[in-house]
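In what follows, a single structure is set out as C-alpha cells and then discussed.
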Amino acid sequence: MTNVRVCSEVGVLEKVVIHSPGKEIEVMTPETAQEVLYNDILTLPVVAEDHKGLKNVLKKVTRVYELKDLLKDILKNEEVKRDFVITITALERRADIADYLMSLPPEELADAVVCGVEERRDSLEKFLSNRNYALPPLPNLYFTRDISVVFRGKVITGSMANKVRIGEAVIARFIYKHHPEFKSEGFIFDGILEGNEKVTIEGGDFLVLDKNVVAIGVSERTTPSSIDIFVERMKKEVVNEEFHVFAVVLPKERSTIHLDMVFTMVDKDKCVCHYPYLLGKEKLRVIHINIMPSGKVSLEEEESLLDALKKVGIKLEPIICGGSNPVNQKREQWLSGTNFFAFAPGKIIGYACNYNTFKELEKAGFKIVHVNDIVKDKVNLDDYEKVAVGIEGAELARGGGGVRCMTMPVKRKPIKIRS
Ligand SMILES: NC(=[NH2+])NCCC[C@H](N)C(=O)O
C-alpha cells in the first residue's frame, strides 16, 4: 500500500506538504541574502501573514501537513533520531555537536535544525571564527516543492545544487523513509545518497504532465546527467509502456532557476507561460527523450514545448504571464507570475500582485477571487468550474519563488490528461 501518488500537475489534490516560514528567514542581511538564494531580505511578520493566507486556502480544499510536524513525528523514534543527527551533522562536518542535538527532545531538535544552532564561542578557534552557526538555518524551507518529487507511487529526493539547501532534502528523505503517512513504493532516485555536483535535480524543474509524460528543466539547478539517470530508472518502471521526457533548456539566470518559473499547467488543457521563452523569439530548446515500449530510447530536438506536447496528446492553450505587454511579461515573470499551483483541474492559486496575469486568466474563463473572500467564507470554491485564487505574495516572491514552489503535493486523484 502506498500513501503517496501523483500522476499529474492538476488532479484533485488530496495531500500537500508546506512549511510556514519562521525565524530562519530573518538570519540574512543584505550582504548574505544572495548567498542564501534570496532576491532581497524579507520581513517575517509580512511573510508569515501572507503564507498563512495560502495555508488557509489549502486547508479548505485538502489535507495540509507542516513539514516540521512530520519531522517531529519521526524523531520520536530514537534510532531514526540518531541516524538523522548523524546525517545532518556530517553535512556540516560537525560531529562535535551530535551529542548536544541528541539531548534535545524531538520538537526542539526539529526547531534547531530549521532555525540553526548558533556557534558556541568556547574555544579560540570558534571564538575567532567568522562562522555564526554550527548548524546553519534553512531559510529556503518554505519552498517545499524543490526538495522532493512524488511521481506515480515513488519518490525522488532532491539533489540540491546549492549546499545551503541540502539539509532540507535530508529532512524530506527521512520523512519519506520513516513516516507511515508518506509510505511510498520506494525511491526512483535518492538525491542524498546518489547526487553530487554533476548530478543535481530539484522539484521546481520537474513537471508531472501525465503518468507517462514529464517536462524537466535543464537549469542552474538540474543537470543533464540527472535527467539521464532518471530516464535509465524509468526504463525499468515502464516496461511495455511508452514514456516521454521533455528536457527544456533554461537560461542559467536568477529569474529562471526552475522550469516552473516559466511554465505551469493550470488545467487539463491550459498552461500559464512566459511568452518569450515558450512562444516568442527566445524560445527554449526542447529535447524529446522517448522511451519506447521495447525499452529503446531515442532523443530528438523539438520545435517548442507546446508543439511537442501536442504530438503526445497534451494540447495546452497558453495563458500569457503579464499579458501582451513585454514589460509586464518580464515584471510579472520575475515575481513568480507563471508559478501557479493547481489544487484541482482549473482551480489554481497564485500571487495577486501579478494582476496582469490574473486579467489574462479572467479572459480565459477563470473566476478571480481573493484569499480573504475564501477565508471569510464569502466565496465557495465549489461554485466555480474554473477559479484563480490570488494570495498576497509580493514579499514572499522576494524569496525567489511562487505558490507552486511553496507546495509539495504528495497525493492527487487520477485524471485523464491526454487525448
Ligand atoms: N520551484 C521554485 N521555483 N522554487 C524557488 C526556490 C527559491 C529559492 N530561494 C531558491 O533559490 O532555491
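We number each residue from 1, following the sequence as shown. No hydrogens, no waters, no symmetry mates; every other heavy atom, side chains included, goes into these values.
- Here the closest heavy-atom approach between residue T407 and residue P409 is recorded as O-CD, 3.5 Å.
- Of the charged side-chain nitrogens involved, at least one lies within less than 4.0 Å of a carboxylate oxygen, so that D111 and K68 count as a salt-bridged pair.
- Ionic pairing of K283 and E303 is not present here: no N-O contact between side-chain nitrogen and carboxylate oxygen is shorter than 4.0 angstrom.
- Of the possible polar contacts, none joining the T338 side chain to the H274 backbone as a donor-acceptor pair under 3.5 Å is found.
- Using a 4.0 Å cut-off between a side-chain N of Lys or Arg and a carboxylate O of Asp or Glu, K359 and E362 do not qualify as a salt bridge.
- Formation of a donor-acceptor pair under 3.5 Å by the K347 side chain with backbone atoms of L381 is found in this model.
- For the pair K60 and D377, the salt-bridge criterion is met [side-chain N within less than 4.0 Å of a carboxylate O].
- Summarising the geometry of V10 relative to D267, their closest heavy-atom pair is CG1-N, 3.8 Å, with the distance given to 0.1 Å.
- For K268, the NZ atom is loosely surrounded, since the number of other residues' heavy atoms within 6.0 Å does not exceed 12.
- Shown here is Q34, whose CD atom has no more than 12 heavy atoms of other residues, nucleotides or ligands within 6.0 Å.
- For N354 (side chain) and L335 (main-chain N/O), a donor-acceptor pair under 3.5 Å exists by modelled atom type.
- N77 has its side chain out of reach of I74: every pair of non-hydrogen atoms, C-beta onward, lies at least 4.5 Å apart.
- T357 is not listed as a side-chain neighbour of Y351, based on a closest heavy-atom distance of 4.5 Å or more.
- Put simply, the side chain of Y142 gets close to the backbone of L396: a donor and an acceptor are under 3.5 Å apart.
- Here the closest heavy-atom approach between residue G11 and residue I415 is recorded as CA-CG2, 3.8 Å.
- There is a side-chain donor-acceptor pair under 3.5 Å between E242 and N290.
- Side-chain atoms of N39 do not come within 3.5 Å of backbone N or O of G399 as any donor-acceptor pair.
- Under a 4.0 Å N-O distance rule, the pair K376/D373 does not qualify as a salt bridge.
- For the 3.5 Å distance criterion, the side chains of Y176 and T157 fail to qualify, holding no donor opposite an acceptor.
- The main-chain N or O of K154 is never found under 3.5 Å from a side-chain atom of R152 such that the two would form a donor-acceptor pair.
- Two residues are said to be in side-chain contact when any heavy atoms from C-beta on lie closer than 4.5 Å; Y133 and V117 fail this criterion.
- Among the candidates L207, I289, T222, V149, the single residue satisfying the side-chain contact (heavy atoms from CB on, under 4.5 Å) test with I216 is T222.
- Taking the charged nitrogens against the carboxylate oxygens, R285 and E301 do have a contact shorter than 4.0 Å, which makes a salt bridge.
- N132 and E118 form no side-chain donor-acceptor contact under 3.5 Å, judged by distance and modelled atom types alone.
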Exercise for the section: Begin from the C-alpha positions of V113 and I88 and carry the test side-chain contact (heavy atoms from CB on, under 4.5 Å) through to its verdict. Expected result: CA-CA 8 Å; V113 168; I88 212 93; 4.3 Å; yes
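- Looking at K23 and E26, no side-chain N of the basic residue comes within less than 4.0 Å of a carboxylate O on the acidic one, giving no salt bridge.
- In this structure, S159 and I192 have side chains that are not in contact, with every pair of non-hydrogen atoms separated by 4.5 Å or more.
- For F358 and F366, the ring centers are positioned 6.0 Å apart or more.
- At least one side-chain heavy atom of P251 sits less than 4.5 Å from a side-chain heavy atom of Y277.
- Within the 3.5 Å criterion, the main-chain N or O of S20 finds a donor-acceptor partner in the side chain of E66.
- In this structure, R5 pairs ionically with E185, as a charged nitrogen and a carboxylate oxygen lie closer than 4.0 Å.
- In this structure, the side chain of S219 engages the main chain of I257 through a donor-acceptor pair within 3.5 Å.
- Using the six-membered ring where Trp is involved, H288 and H244 have ring planes that are tilted, between 30° and 60° apart.
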For this session: Please test L91 against V170 for side-chain contact (heavy atoms from CB on, under 4.5 Å), starting from the C-alpha separation and ending with a verdict.
Result: CA-CA 10 Å; L91 253 180; V170 171; 3.9 Å; yes
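- Under the salt bridge (Lys or Arg N to Asp or Glu O under 4.0 Å) criterion, the residue pairs touching residues 382-400 are D40-R398, E395-R398, with sequence neighbours excluded.
- A salt bridge links R94 with E119: at least one charged nitrogen is closer than 4.0 Å to a carboxylate oxygen.
- Annotation: side chain of V266 is in contact with side chain of T264 (closest heavy-atom distance under 4.5 Å).
- Counting only heavy atoms from C-beta outward, the side chains of R412 and C7 never approach each other to under 4.5 Å.
- In summary, the side chains of Y355 and E332 do not present any donor paired with an acceptor at a separation below 3.5 Å, with no hydrogens or angles considered.
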What side-chain donor-acceptor pairs closer than 3.5 Å can you find for residues 306-315, not counting sequence neighbours?
residue : atom : partner : partner atom : Å
D307    : OD2  : S304    : OG           : 3.1
K311    : NZ   : E302    : OE1          : 2.6
K315    : NZ   : S419    : OG           : 3.1

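- Proximity of a side-chain donor or acceptor of K413 to a complementary backbone N or O of A344 within less than 3.5 Å is not detected.
- Under a cut-off of 6.0 angstrom, the local environment of CD in E253 is crowded, with over 12 non-hydrogen atoms contributed by other residues, nucleotides or ligands.
- More than 12 heavy atoms of other residues, nucleotides or ligands shown are found within 6.0 angstrom of CZ on R254.
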Mind running side-chain contact (heavy atoms from CB on, under 4.5 Å) on S255 and M261 for me, showing each step along the way?
-> CA-CA 7 Å; S255 63; M261 296 304 280; over 6 Å; no
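- Close placement of the F206 and F230 rings is indicated, their centers lying within 6.0 Å of each other.
- Under a 4.0 Å N-O distance rule, the pair R221/E202 qualifies as a salt bridge.
- Within 6.0 Å of atom CZ in R233, more than 12 heavy atoms from other residues, nucleotides or ligands are found, so the atom counts as buried in its surroundings.
- Using modelled atom types, one side-chain atom of T144 and one backbone atom of V17 make a donor-acceptor pair closer than 3.5 Å.
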Show, in sequence, the C-alpha distance, side-chain angles and deciding distance for H19 and F143, and conclude whether the side-chain contact (heavy atoms from CB on, under 4.5 Å) test is met.
CA-CA 8 Å; H19 169 68; F143 297 114; over 6 Å; no
